[in-house]
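To start, the structure under review is shown below, and the notes come after it.
What you are looking at is a predicted structure, and each value in this text was computed from that prediction instead of being measured.
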Amino acid sequence: PENGEISTYESMLLDSWDGNPSTQKGFDWEIEKLRRNFAGLRQLEDGTWDKRDTIFDVLVNKAEFSSATVRRLDEPPKPV
């Protein structure tokens with residue numbers, strides 16, 4: 001592919017792989033599996049991809065974000 005067509009070529013491959021698992025073969029697919037694996041994804045038995053748990057997940061607060069608890073950057077912290 002030409003330089004301007006690279007993103008189109010890549011998106012075509014991604015669409016074909018995600019839409020039809022029988023096309024998931026060849027060198028490009030092996031590279032894509034490695035890329036997804038390093039991105040923290042794992043392939044499930046049914047062929048779908050899921051985010052793999054990491055040791056860093058404990059550092060992330062998964063509570064809902066509320067604008068009521070947000071303070072302005074120039075506002076000093078409130079005493080406890």
Side-chain angles (χ1 to χ4, degrees):
E2 297 294 323
N3 283 343
E5 300 172 351
I6 290 176
S7 62
T8 306
Y9 175 73
E10 182 180 6
S11 68
M12 180 192 67
L13 284 175
L14 292 173
D15 289 342
S16 71
W17 290 328
D18 291 338
N20 185 0
S22 67
T23 61
Q24 296 176 350
K25 55 188 173 193
F27 179 76
D28 287 335
W29 173 242
E30 295 301 319
I31 297 299
E32 178 62 16
K33 284 195 303 188
L34 285 172
R35 187 188 72 79
R36 291 181 186 195
N37 189 29
F38 282 112
L41 300 175
R42 64 177 174 191
Q43 191 171 21
L44 303 177
E45 293 291 326
D46 62 358
T48 59
W49 291 86
D50 188 31
K51 184 177 181 311
R52 185 175 45 240
D53 293 333
T54 68
I55 61 170
F56 298 110
D57 287 342
V58 297
L59 301 176
V60 178
N61 182 1
K62 295 184 180 180
E64 285 193 34
F65 180 76
S66 170
S67 60
T69 61
V70 176
R71 63 179 175 84
R72 293 190 348 225
L73 291 176
D74 59 348
E75 182 181 333
K78 297 192 180 350
V80 179

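- Listed by chain and number, the residues in a salt bridge (charged side-chain N to carboxylate O under 4.0 Å, His left out) with Glu32 are Arg35, Arg36 (sequence neighbours excluded).
- Taking OG1 of Thr48 as the start and CG of Leu41 as the end, the distance is 10.5 Å to the nearest 0.5 Å.
- For the pair Asn37/Arg52, a side-chain contact is recorded, criterion being any heavy-atom separation below 4.5 Å from C-beta on.
- Residues passing the ring-ring contact (aromatic ring centres under 6.0 Å, His included) test with Trp29 are Trp17, sequence neighbours excluded.
- The CG atom of Asp28 lies 9.5 Å from the OG atom of Ser16; values are rounded to the nearest 0.5 Å.
- Contacts of Lys51 classified as salt bridge (charged side-chain N to carboxylate O under 4.0 Å, His left out), with partners at least two apart in sequence or in another chain: Asp57.
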